[in-house]
Amino acid sequence: MSGSIKLCSLNEVEDGNSGGFFAETDGKMNSYIVVRKGASAFVYLNSCPHIGTPLDFAPGRFLNPDKSMILCSTHGALFRIEDGYCVSGPCAEQSLSEVAIDILDGIIYLA
Ligand code: FES
C-alpha cells in the first residue's frame, strides 16, 4: 500500500456519523473530516473553502441535524457528504478538498 499513514479505524466513527482526526503529512499536521457510511468513508480536509477555518464547532461534529449534509459551523455552509460540493452558503458551488483513502481491515489510511 502506498503512503500507509493511518488516519483512524472505522470503528472510531459511528455509522452515518462523523469524526475529526489528525495526521501528519509532508511534515505538517492536518485535520481531517471523516464521514462513515457502513464499511466505507468519505474524507475531506477540515478547512472550509469560504475562509479556511475548521468546520466543526464541537470536535468531530460535522453534520447537520438530520445527518444528511456536512455543515460548516462558522457561517452555515452545507456540503454534500458524497463529494464535498457546497450546495448553500457563502461558498456555494465550491467544494471541500477530498482526501484519497484506502481502507484495509477496518483501518482508514491516507492513500
Ligand atoms: S467559514 Fe465556512 S461558511 Fe464561512
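It should be emphasised that the depicted structure is a prediction, and the values quoted were computed from it without experimental measurement. Start at 1 and go down the list; that is how both ligands and their atoms are numbered. Sequence positions, counted from 1, serve as the residue numbers for this chain.
- Summarising the local packing, CG of Asp66 is surrounded by more than 12 heavy atoms from other residues, nucleotides or ligands at distances under 6.0 Å.
- Under 2.8 Å from atom 2 (Fe) of ligand 1 lies no N/O/S atom of His50, from backbone or side chain alike.
- For Glu82, the CD atom is densely surrounded, since the number of other residues' heavy atoms within 6.0 Å is greater than 12.
- Checking each of Ile33, Ile70, Ile81 against Phe42 for a side-chain contact (heavy atoms from CB on, under 4.5 Å) leaves exactly one that passes, namely Ile81.
- Remark: ligand 1 atoms within the under-4.0 Å shell around heavy atoms of Thr53 are 1 (S).
- Residues Leu110 and Val13 share a single hydrophobic cluster, defined by chaining ILVMFWY side chains whose heavy atoms lie under 4.5 Å apart.
- Ligand-side atoms of ligand 1 in range of Ala77: 3 (S), range being under 4.0 angstrom from any heavy atom.
- Interface atoms of ligand 1 facing Cys48, defined by a heavy-atom separation under 4.0 Å, are 1 (S), 2 (Fe), 3 (S).
- Under a 4.0 Å heavy-atom criterion, Pro90 is in contact with ligand 1.
- Under a 3.5 Å cut-off, the side chain of Ser47 and the backbone N or O of Pro54 do not form any donor-acceptor pair.
- Applying the 4.0 Å criterion to heavy atoms of Ile51 picks out, from ligand 1, the atoms 1 (S).
- Linking ILVMFWY residues whenever their side-chain heavy atoms come closer than 4.5 Å, directly or via other members, leaves Leu78 and Leu55 in distinct clusters.
- Residue contacts to atom 2 (Fe) of ligand 1: His75 brings no N, O or S atom closer than 2.8 Å.
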